[in-house]
Each structure stands twice: as C-alpha cells, then as structure tokens.
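Encoded as structure tokens, the structure appears first; notes follow it.
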There are 2 protein chains.
Amino acid sequence: MQRINLAEKLAAVAHPWQPHTVAEFNGHDLMVARFQGEFRWHSHDDTDDLFLVLRGRVTLQLRSGNVELGPGELFVVPRGVEHCPRSDDGAEVLLMERTGTPNTGDAATAEPRRVL
Amino acid sequence: MQRINLAEKLAAVAHPWQPHTVAEFNGHDLMVARFQGEFRWHSHDDTDDLFLVLRGRVTLQLRSGNVELGPGELFVVPRGVEHCPRSDDGAEVLLMERTGTPNTGDAATAEPRRVL
C-alpha cells in the first residue's frame, strides 16, 4: 500500500510516447508519459481516453478542433473519437485507459505495456 | 469539447467533503473535492477509489496503516478496503469512483451528486 509520486515515476521515463503504468483502477491503467512532438491520429473503440497534464503544454488535436491543455487541466476523449496529441515543447501527462488498450489504437504498432 | 481546469472548478467548491463531478470516464465520475478535518470510516464494495492530491496534504487512514499524500501523489484504495481520509490543514483532491457510488459508502448518508 504505497503512495504513487508522479514526479518520481516520471523521472524514470526516458522516451516520449511510452506510457508507463503506475497504478490500476477498476480494470484501467493509470499511466505516466512524456509527450514531445506529434504522436499519430488514432482512436479507441472500447475506451474513453483521459489526459491530465502535469507539466508543460499539450495540444489534443481532434477532427472538430484543438483542445489546449496546461498543468492541472484535463480532457476526456470519448471512445471512438479520433485524436492526435502534440506537444511542441514537451510535457508530462497522466493517462488513463482500459487495461490492454493499444496506445496507438492498433495492437500491431502499440508500445508494450510497461509497469513502473 | 472543453478542457477542464481543476483549479477553476475547485474555486466553485465552498465546503469540504462534497465531491463535485467535473468529467465522466467509462462509467466513472472524475470529481474534485476539498478535504478539511476528518471524514468517516467507510468502504465501497463495487469500486476502487482513486485519490490524487492537487494541493495540501492528505492522510488516508487504512486499518493496515496510514498513507500520507502530498501534491502530485496518488493512491488507489481497492474495493472493499475500509478507509478514512483526513486533512488537518486542508487539501484539494481529484477523486474517481464508479458513477453512482455513495461517497460515504452508504446511500442514506451520501452527499448528492453535484456536477460542475
């Protein structure tokens, strides 16, 4: 029964766009990740996608327009909605998705599940 | 499709121990709350309980010992585990529970669902 310090966990994350699971919650993974540059357009048919920015700025590009997030700001991308995260200057982010969700929306190209 | 600024939402929360829903995620409520003093011992049989401290300090009292949380620290109380949150000096917290969960563990004494 340990507390999770998000900054400590992020200190162990070297590369952008690699989610690292820090806790589990009702069949979901709570993950930290670094964002830098642009990810790729994708969607998740079976899960909403939570983004909470801890440091830096993130642009969530949606087909309907962009959502700009700074520290202490969150957004839930509804299931099935295409999105493409971007962070020009880098960001640290808390993510939540159903456990087993491929981060790219496609198991063939997804990052492996990493647990910190 | 609006970003959620947690500090702005908390500015509208006057009283401690009253969760306010700011977003929904896969059948769960993301809520902000102020903690001040001691809550009550309770558990939730059908949901894990996520606490992420945004400001101040929180002691999550468990029967097995205390978990001390500061800003940027989180803890997931597993379903069925008795807990009693406390914050002597006050805190602002992001919470997550399955939608419909009584905050006291008992519908008879629970706060109403408030949406911000």
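Keep in mind that what you see is a predicted model, and the values were worked out from it rather than measured. Just so it is clear, the values below take in all heavy atoms, side chains as well, and ignore hydrogens, waters and symmetry mates. Within every chain, numbering begins at 1; the chains are lettered A, B, ... in the order of the sequence lines, protein sequences first and strands thereafter.
Listed options Val77(B), Val81(B), Val76(B) were ranked by heavy-atom pairs under 4.5 angstrom with chain A; first place goes to Val76(B). The choice from Gln2(B), Met96(B), Arg79(B) that makes the most heavy-atom pairs within less than 4.5 Å of chain A is Met96(B). When each of Glu24(B), His28(B), Lys9(B) is checked for heavy-atom pairs under 4.5 Å with chain A, His28(B) comes out on top.
For Val53(A), no part sits under 4.5 Å from any heavy atom of chain B, backbone or side chain. Neither the backbone nor the side chain of Glu8(A) comes within less than 4.5 Å of any heavy atom in chain B. Looking at Glu97(A), only its backbone comes within 4.5 Å of chain B, counting heavy atoms on both sides. For chain A, the nearby part of Leu62(B) is the side chain; its heavy atoms alone come within less than 4.5 Å. Of the two parts of Leu94(A), only the side chain, counted from C-beta on, holds a non-hydrogen atom closer than 4.5 Å to a non-hydrogen atom of chain B. Neither the backbone nor the side chain of Leu54(A) comes within contact range of chain B; no heavy atom of the residue lies under 4.5 Å from a heavy atom of that chain.
A side-chain donor-acceptor contact under 3.5 Å links Thr47(A) and Asn26(B). Side-chain atoms of Glu82(A) and Ser43(A) include no donor-acceptor pair closer than 3.5 Å.
If you take NE2 on His83(A) and CG on Asp49(A), they are separated by 4.0 Å, rounding to the nearest 0.5 Å. The distance from atom CZ of Arg3(B) to atom CG of Leu6(B), rounded to the nearest 0.5 Å, is 11.5 Å.
The closest side-chain heavy-atom distance from Phe35(B) to Leu95(B) is below 4.5 Å.
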Step by step, would you call Ser87(A) with Arg57(A) a side-chain contact (heavy atoms from CB on, under 4.5 Å)?
CA-CA 6 Å; Ser87(A) 179; Arg57(A) 301 199 64 82; 5.6 Å; no
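In this structure, Arg40(A) forms no cation-pi arrangement with Trp17(A), as its terminal cationic atom is not both closer than 6.0 Å to the ring centre and no more than 45° off the ring axis.
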